[in-house]
**Q** 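Below is one structure. I have some questions about it.
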Amino acid sequence: MVSISKTKERHPAFYADFLWEDDERIGRCFPEIKQVFSGKYLETFVLPGKDHMVLLVGCGKQEEVGLFQVKELFAAAAAKCKDLGIQKCSLGSAAFLERLGERAVTQAVLGLGLGGYEYEYRKTGEKKTWDCEFLLEETEETPISREALEEGEELLNGTLFARNMVNTPGNRLRPLDFAHAVAEFEKDADIELQILEYDQLRQMKMEALCGVGGSSEYLPCMVVLRYKGDPDSTENYGLAGKGITCDTGGYCLKGAGSMGGIKSDMAGAAAVAAAVHTAARLRLKVNITACLPMSENRISRASMLPGDVITGYGGKTIEILNTDAEGRLILCDAAAYLVKDEGVTHVLDIATLTGAVAQMLGNTIAGAMSDNDEFYGILESAALRSGERYLRIPYGKEHENMIKSQVADLKNIGADHCGTITAGLFIREFCGGKPWIHLDIAGTAWCGAPTFAFEKAGATGAGVGTIYYLMKEAGCCGQR
Ligand code: BES
Ligand code: ZN
Ligand code: ZN
């Protein structure tokens, strides 16, 4: 556990100093290390003193350091503190505040919290715990506001929740376990929460969600979250997140080599749950209704088969051609529910939806689609603030035609190629013409090895920051 607050006084025993590349202070204050530390980006060096230690963190070139780099630099500092077992550390933050303003505080807090993150694996034997109190230094010229600290803390809390959920093994997080974990997490925020259980979903005729998960021993469910931060507004942002707690592929079974990360197929739902919590805790002036369909995708005697035809919520018929294309099925019921029952004015869906997007963009850029430039514009500025990268993928009528079926309204896969586009467009069919954004985080939700200093192998927390900032910007920057 780490705690993060601000201070006017440097901690006498341990202090982290951030230095630009070839900073003249390196020669002046620390001449003895000039040979081994030059301030390169993410370089660290510990200077032991008689009764105190200084951690030097290299920041590289000033002009190359933005908010994203602040998050990485503070993560690197936190990781070093963890290595050293440091329990209290103050950190110089003035240079970043001067250059980037208070937004740097939020990123610094996130970096500090994520840099030493580790999922609590269930290993027997000695448990290594690490607690640290971080103190961000403020000065007369660069004060730190409570709001900026709070935003960082809440975003961190949300991101950690999302990571923990996604890292949890599938046998410890069945759909209902996931729903209860979300309910527990949302408790301390002003959010109305409802869990629709399987019998209710059947009665409501959610055939797509029930078709994917209904034959599993561990039945599907759907969590609905409602946050009313702007009662005077008629706008209501609908968020749908894919919550497949394990994706075997069903009868279109995945190969053993593709089953590595199947427990992480609920990262979209985790990101939405986390972002709504963050938005509500920070009292954003916006209305949000989130719908999280949760389900396994397995094989049993009653599982769906290719060739089956089902009716999605709201009435469109769907020909199942591949049982491994299950994410779009559970999300089409969620999107239709948001539009029909909750009257949302916008729809955003987020999902680990296609392997194709990871093939195209790798682990650091996610795919995005939208049918509304204004709505997508907000996403773009939100992504600039969160530091996540999305590529907007174009589409045309020819792609819409690819998912038309001869035996039903739609089929759940297109022909070969452009699998990411047809998957997204399938969900769009259920959004009732509302402005729509689709985020495919199949490549970014999980990393085999960390790329950035604020990552750990496993869940990344993809989507949390961007959805939170999207809600903040959509609500006219909220109340702050
Ligand atoms: N959850 C997977 C997509 C995925 C693949 C996520 C790899 C993360 C890593 C999704 O349900 C799936 O299986 N998609 C298929 C679609 C295909 C059958 C049209 C895919 O991408 O192969
Ligand atoms: Zn699948
Ligand atoms: Zn899946």
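Indexing begins at 1, ligand by ligand and atom by atom, following the structure's order. Along the sequence shown, residues carry numbers from 1.
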**Q** From the options Gly249, Gly355, Ala423, Gly419, select the one whose nearest heavy atom is closest to atom 5 (C) of ligand 1.
**A**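 Shortest heavy-atom distance from atom 5 (C) of ligand 1: Gly355.
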**Q** Using a cut-off of 2.8 Å, find all protein N, O or S atoms closer to the Zn ion (ligand 2) than that distance.
**A**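 Protein N, O or S atoms closer than 2.8 Å to the Zn ion (ligand 2): Asp247 OD2, Asp324 O, Asp324 OD1, Glu326 OE1.
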**Q** With Arg392 as the cation and Tyr376 as the aromatic partner, state whether NZ or CZ is under 6.0 Å from the six-membered ring centre and within 45° of the axis.
**A**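 So Arg392 does make the cation-pi contact.
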**Q** Short list, please: which atoms of ligand 1 are under 4.0 Å from a heavy atom of Ala442?
**A**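 In order of numbering, the contacting atoms are 6 (C), 8 (C).
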**Q** Report the residue from Leu209, Ile427, Ile318 that forms a side chain to side chain contact (heavy atoms under 4.5 Å, CB included) with Cys332.
**A**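 The option that passes is Ile318.
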**Q** Answer with yes or no whether the side chains of Tyr41 and Glu43 bring together a donor and an acceptor at under 3.5 Å.
**A**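 Glu43 vs Tyr41: no donor-acceptor pair found between side chains.
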**Q** Ring-plane angle category for Tyr119 and Tyr121, please: parallel below 30°, perpendicular beyond 60°, tilted otherwise.
**A**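 Tyr119 and Tyr121: perpendicular rings.
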**Q** Taking only heavy atoms of Glu326 into account, list the atoms of ligand 1 that are under 4.0 Å away from them.
**A**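 That gives atoms 11 (O) of ligand 1.
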**Q** Heavy-atom contacts under 4.0 Å between Leu353 and ligand 1: side chain, backbone, both, or neither?
**A**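 It is the backbone that gets close, since no side chain atom is under 4.0 Å.
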**Q** Taking the side chain as C-beta and beyond, is there a heavy-atom pair between Leu225 and Thr289 under 4.5 Å?
**A**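 A side-chain contact under 4.5 Å is absent here.
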**Q** In the protein, what heavy atom is nearest to atom 19 (C) of ligand 1, and what distance, to one decimal place, separates them?
**A**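 Ranked first by proximity to atom 19 (C) of ligand 1 is Ile413 CG2, 3.4 Å.
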**Q** Give me the residue, atom name and distance of the protein heavy atom closest to atom 16 (C) of ligand 1.
**A**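 Its nearest protein heavy-atom neighbour is Arg328 NH2, 3.8 Å.
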**Q** Got Ile262 and Lys254 here, is their nearest side-chain heavy-atom distance under 4.5 Å?
**A**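 In short, these two side chains touch, coming nearer than 4.5 Å.
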**Q** Are Tyr227 and Val286 side-chain neighbours, meaning at least one heavy-atom pair lies under 4.5 Å?
**A**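 Of all side-chain heavy-atom pairs linking Val286 with Tyr227, at least one is under 4.5 Å.
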**Q** To the nearest 0.5 Å, what is the distance between CG (Asp371) and SG (Cys431)?
**A**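 Here the interatomic distance stands at 8.0 Å.
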**Q** Below 3.5 angstrom, do we get any N/O pair linking Asp324 and ligand 1?
**A**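 Yes; the residue has a nitrogen or oxygen that sits under 3.5 Å from a nitrogen or oxygen of the ligand.
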**Q** Less than 6.0 angstrom from the centroid, inside 45 degrees of the normal: does Lys456 satisfy that with respect to the ring of Tyr117?
**A**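 Relative to the ring axis of Tyr117, which defines the angle, Lys456 lies outside at least one limit.
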**Q** Could you tell me, atom by atom, which parts of ligand 1 come under 4.0 Å of a heavy atom of Thr352?
**A**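 Reading through ligand 1 atom by atom, the close ones are 1 (N), 2 (C), 3 (C), 6 (C).
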**Q** Would you say Leu114 and Leu156 make side-chain contact, with heavy atoms under 4.5 Å?
**A**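 Answer yes - side chains close enough.
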**Q** Can you tell me which portion of Asp247 lies within the under-4.0 Å heavy-atom range of ligand 1? Options are side chain, backbone, both, or neither.
**A**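 It is the side chain that gets close, since no backbone atom is under 4.0 Å.
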**Q** Take Asp409 and Thr317, measure what side chain to side chain donor-acceptor pair (under 3.5 Å) needs, and give me the verdict at the end.
**A** CA-CA 5 Å; Asp409 296 329; Thr317 55; 3.3 Å; yes
**Q** Run the numbers for me: atoms of ligand 1, each under 4.0 Å from some heavy atom of Asn322, listed by number.
**A**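 By the 4.0 Å cutoff, the relevant atoms are 18 (C).
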**Q** With a heavy-atom distance limit of 4.0 Å, tell me whether Lys242 approaches ligand 1 through its side chain, its backbone, both, or neither.
**A**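 Within the 4.0 Å criterion, Lys242 contacts ligand 1 through side-chain atoms alone.
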